[in-house]
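Read the structure below first, then the notes.
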Amino acid sequence: MRVFKVSAGNHGWQLSGLGEPTFFRSGGRAEAAARRLALAAARSGERVELHVFDRGGTLAAQLRF
């Protein structure tokens with residue numbers, strides 16, 4: 001199963017799950033990118049989870065594709 005994670009970091013919001021994290025200026029942009037990647041992976045037959053954390057580090061959403 002592939003897991004994508006969106007969380008606040010020192011350099012903005014980060015999206016992990018593809019190797020090195022990718023950074024975004026806003027959480028909304030990071031989450032939108034993560035959803036696109038998760039949907040693409042799911043369409044190719046992978047089981048995917050997306051974990052979205054708020055600025056305080058609390059799990060805000062856990063989605064399965």
Side-chain angles (χ1 to χ4, degrees):
M1 173 181 297
R2 181 177 292 232
V3 177
F4 293 102
K5 176 181 161 187
V6 174
S7 59
N10 294 334
H11 304 288
W13 288 84
Q14 67 182 33
L15 164 59
S16 59
L18 293 172
E20 291 294 318
T22 303
F23 293 92
F24 296 84
R25 289 186 175 198
S26 76
R29 288 183 180 171
E31 184 176 346
R35 285 177 181 262
R36 283 191 302 273
L37 290 169
L39 283 171
R43 286 184 183 133
S44 71
E46 287 188 70
R47 290 181 26 210
V48 182
E49 279 193 5
L50 170 57
H51 301 168
V52 180
F53 293 86
D54 65 16
R55 190 175 300 277
T58 302
L59 183 64
Q62 181 176 353
L63 307 168
R64 292 190 174 108
F65 296 85

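- Between Phe23 and Gln14, the shortest heavy-atom contact is CE2-OE1, 3.2 Å.
- In the hydrophobic clustering of ILVMFWY residues, with side-chain heavy atoms under 4.5 Å counting as a link, Leu63 and Leu39 come out together.
- Across every non-hydrogen atom of Trp13 and Ser26, the tightest pair is CD1-C, 3.5 Å.
- Put simply, the residue from Leu18, Leu50, Val48 that forms a side chain to side chain contact (heavy atoms under 4.5 Å, CB included) with Leu37 is Leu18.
- Residues Gly27 and Val6 share a closest heavy-atom pair of O-CG1, 4.4 Å.
- When all heavy atoms are compared, the tightest approach of Phe53 to Lys5 is CE1-CG, 3.7 Å.
- Note that CE of Met1 is 10.5 Å distant from CD of Glu46, once rounded to the nearest 0.5 Å.
- Separating the NE2 atom in His51 from the CZ atom in Arg64 is a distance of 7.0 Å, to the nearest 0.5 Å.
- Considering CZ of Arg47 and CZ of Phe65, their distance stands at 14.0 Å, rounded to 0.5 Å.
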